[in-house]
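None of these values were measured; they are calculated from a predicted model.
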Amino acid sequence: MDLLYKSTRSDSEPISASQAILKGLADDGGLFVPVQIPKLALAMEEISKLSYQETAYEVMKLFFTDFTKEELESCIAKAYDEKFDTEEIVPIAKVNGAYYLELFHGATIAFKDIALSILPHLMTTAAKKNHVTNTIVILTATSGDTGKAALAGFSDVEGTKIIVFYPENGVSPIQKQQMVTQKGKNTSVVAIQGNFDDAQNGVKEIFHDKEFADELSGCHIQLSSANSINIGRLIPQVVYYVYSYAKLLAEGELVEGEALNVAVPTGNFGNILAAFYAKQMGVPIGKLICASNENKVLYDFFSTGSYNRNREFILTSSPSMDILISSNLERLIYKLVGEDSSVNQELMKQLSQEGVYSLKEEMKDQLQDFYGNYATEEETAQVIHTVYEDSGYVLDTHTAVAAAVYEKYKEDSKDETKTLIASTASPYKFTRSVMEAIDGDKYQGMGDFELVDELCRISNVPVPKAIEEIRSAQVLHTQVCAKDKMKEMVREILTK
C-alpha cells in the first residue's frame, strides 16, 4: 500500500512520495509529512547484518513506496559509492565513553552529503515517473554545508540547474571556498548581504510566488528545493540512525532493545527530526538531546514551550547552526497539535508576522522525548581542547556543541544511558576555530591552509580530498546581491 504525503498547513489531497520530492514545498507553504510513520519490517538483529546500502533500502522502501525496487536500489548504489572515503559510509568512533557517528566522509566532508548524494537521483527518477519535461531548478539557502553538498550532488545532472544563496559573512573560509570554486555548467552560487535566515526567507518567498512560478513555467522551468524541507532530504537521514543502532548491536556495544540516547547539534531541526522518525519506526532511541549554540532559540523553546525568533542573530564558530527559524520544527509542531493543519497554520502565521508562538500545556507535555540545552563559544572551544588532550580525537565546532550539551544533560539528569553523538562535519572545515581551541596562541597568524597541514600533523588524519581540491581551485562564482533582490537574481541567472 502506497504511503502518501500531506501538507502541514492544509487538508489538501495527499500526494505520492515522488510528487512530494519534486515539489519540495507544498503549494500552501507547508512541509510534506508522511500520513503515518511506518514501522521497520525487520528486527534490529536482522538489520545488524546488513550493509549501509542494504539498510538504506530497508528504510527508504517504507517511505518511498511509489519507487520500484530497481529504481530505489539504483539511486542508493549511485549515491553511496566510492565518493565516500570509508566503505561503511558512516563509521562510529568510541571516544571518552560516547559514540561519535562520523557523518563527514562524503564528497564535501559534512553530514549533508549523506542525503544530498541521493537526492539528485531520487529527483530525476521522480521526474521521469511523473512525466516532467521541464528543467528542474534547485533553489537553496545554506548556512554553509547544504550549499556545497547540493552543488556537488546536482553538478551537471541532466535536466537540472542549481542556485545556492549563502550569507556573505556567515560561513567559514573553507565553506566559502568550497562553494565559490564549484564546477558544473548548471551551477550558480550567490552571496547575499544578510544572514542565513534572510537567505532562507528569501527562498521561501520565491517558492510562494505564484506569478513567478507561472513566469518560469512559460520558460519550461520548475523550482524545487534541496534544503531539509524536502522530504527527499529528510528520509535518507533517518537511515543512519537505524544503521548506527544496528551496528552498535552487531559490535556488542548494545544488547537488543537497550535504549540509546542521541545528541545532535541542531540548526534547522532536520537532523534531530530524522532521529525522532527513527524512534517512531521502532529504533530503541531514548532521549533526543537537542544541542544549540549561542543562537539558542531551540533551547528556549524546549525550556518554555514558546518559540521566539525576536532576538539578536549571533555569528558563532559553528555557523551551520546560526539559525533563528528552524524550519523542520514545523513537522514536529504539526504532530504536537494532533495533525490539525489549521492550528499549525495559525502558529506559523504568528511566527511569520510576530516572530513568536507558544504551545498550550498539553502540547508541551508531548516534548518529553527531547532535552534542549546550549553551549557558549567558550564551552565549545573547551570541549574541543579537552577531548583532544584526553584522546587525540579532534572534534569540529558543531560536534563540540553537541558534546558539551551531552555533558550538561548527564549532569542535569544523572542519566548514564549510552549515547550517540552526531558528528556532523570534519574539523578540516573549521580549521581556524578548531586549532585555536586546541592551542590558541600557537596557531595565530597562520593561513587557513597552513592550519590544514598543522591539523593533519597533530591528528594523524589525512587531509580530505575535498580540502586538497580547493587549495588552488579557481574562483568561479562571484555574484553578490541584496537580501531583497533574490528573485531578480534568480530571474537573471535563469534567463541569461
Side-chain angles (χ1 to χ4, degrees), residues 83-85 90 101-120 138-155 162-182 187 189-192 195-197 199-200 203 225-230 233-234 236-237 240 264-274 291-293 295 315-323 326-328 395-402 422-434 464-467 469-470 477:
K83 71 173 73 70
F84 287 84
D85 64 22
V90 291
L101 174 61
E102 294 185 348
L103 299 171
F104 52 75
H105 289 276
T108 76
I109 57 175
F111 81 101
K112 311 289 175 77
D113 287 325
I114 311 291
L116 285 164
S117 291
I118 195 168
L119 182 61
I138 306 301
L139 189 61
T140 290
T142 185
S143 54
D145 287 338
T146 288
K148 173 60 181 179
L151 288 161
F154 281 92
S155 176
I162 177 165
I163 303 171
V164 170
F165 289 97
Y166 72 94
E168 188 175 20
N169 299 310
V171 300
S172 80
I174 296 287
Q175 285 176 314
K176 180 177 179 179
Q177 188 72 359
Q178 281 187 301
M179 288 189 283
V180 299
T181 59
Q182 176 65 49
T187 64
V189 180
V190 184
I192 72 149
N195 60 40
F196 170 72
D197 284 334
Q200 182 165 250
V203 165
S225 170
N227 282 81
S228 53
I229 54 176
N230 191 314
R233 259 284 303 276
L234 184 61
Q237 294 177 264
Y240 48 72
V264 186
T266 309
N268 223 9
F269 207 74
N271 204 1
I272 196 164
L273 183 71
S292 301
N293 64 17
N295 291 290
L315 292 174
T316 74
S317 61
S318 45
S320 298
M321 299 160 66
D322 290 347
I323 293 171
S326 301
S327 291
N328 270 288
L395 304 178
D396 94 289
T397 46
H398 302 72
T399 308
V401 169
S423 187
T424 52
S426 165
Y428 280 102
K429 267 199 140 157
F430 306 95
T431 45
R432 187 166 300 282
S433 296
V434 167
K465 182 181 172 187
I467 299 296
E469 285 176 345
I470 62 171
H477 305 277

Would you say the side chains of Lys148 and Gln175 form a donor-acceptor pair under 3.5 Å?
no
Side chain to side chain contact (heavy atoms under 4.5 Å, CB included) between Gln237 and Ile114: does it pass, once the steps are laid out?
CA-CA 7 Å; Gln237 294 177 264; Ile114 311 291; 5.7 Å; no
So that I can tick it off, tell me whether Lys429 and Asp145 are bridged by a salt bridge, with the cut-off set at under 4.0 angstrom between side-chain N and carboxylate O.
yes
Nearest non-hydrogen partners of Ala291 and Ala402, listed with the distance
CB-CA, 3.6 Å
Compute whether any side-chain donor of one residue and acceptor of the other, for Thr108 and Asp113, lie under 3.5 angstrom apart.
yes
So, Gln200 versus Asn227: side-chain donor-acceptor pair below 3.5 Å or not?
no
Output the distance between atom OH (Tyr166) and atom NE2 (His477), rounded to the nearest 0.5 Å.
10.0 Å
Return the minimal non-hydrogen interatomic distance between Pro236 and Ile118, and the atom names on each side.
CG-CG2, 3.6 Å
So CG of Asn295 and CZ of Phe196: to nearest 0.5 Å the spacing works out to 11.5 Å
Please report the shortest heavy-atom distance between Pro265 and Met321, naming the atom on each side.
CB-SD, 3.7 Å
If every non-hydrogen atom of Ala149 is compared with every non-hydrogen atom of Lys112, which pair is closest and at what distance?
CB-CB, 3.7 Å
Dump the intermediate steps for side chain to side chain contact (heavy atoms under 4.5 Å, CB included) on Tyr428 and Val434, then the final yes or no.
CA-CA 8 Å; Tyr428 280 102; Val434 167; over 6 Å; no
How far apart are the C-alpha atoms of Leu119 and Phe154, what are their side-chain angles, what is the distance that settles it, and do they pass the side chain to side chain contact (heavy atoms under 4.5 Å, CB included) test?
CA-CA 9 Å; Leu119 182 61; Phe154 281 92; 4.2 Å; yes
Taken to the nearest 0.5 Å, the spacing of Asn328 CG from Asn268 CG works out to 6.0 Å
Given side chain to side chain contact (heavy atoms under 4.5 Å, CB included), test Asp322 with Ser143 step by step and report yes or no.
CA-CA 7 Å; Asp322 290 347; Ser143 54; 6.0 Å; no
Looking only at heavy atoms, what is the nearest atom pair of Met179 and Gly147, with distance?
SD-CA, 4.1 Å
Test item: side-chain donor near acceptor, Ser423 and Thr399, under 3.5 Å
yes
For Ser172 and Pro319, work out which heavy atoms get closest and say how close.
N-CG, 4.2 Å
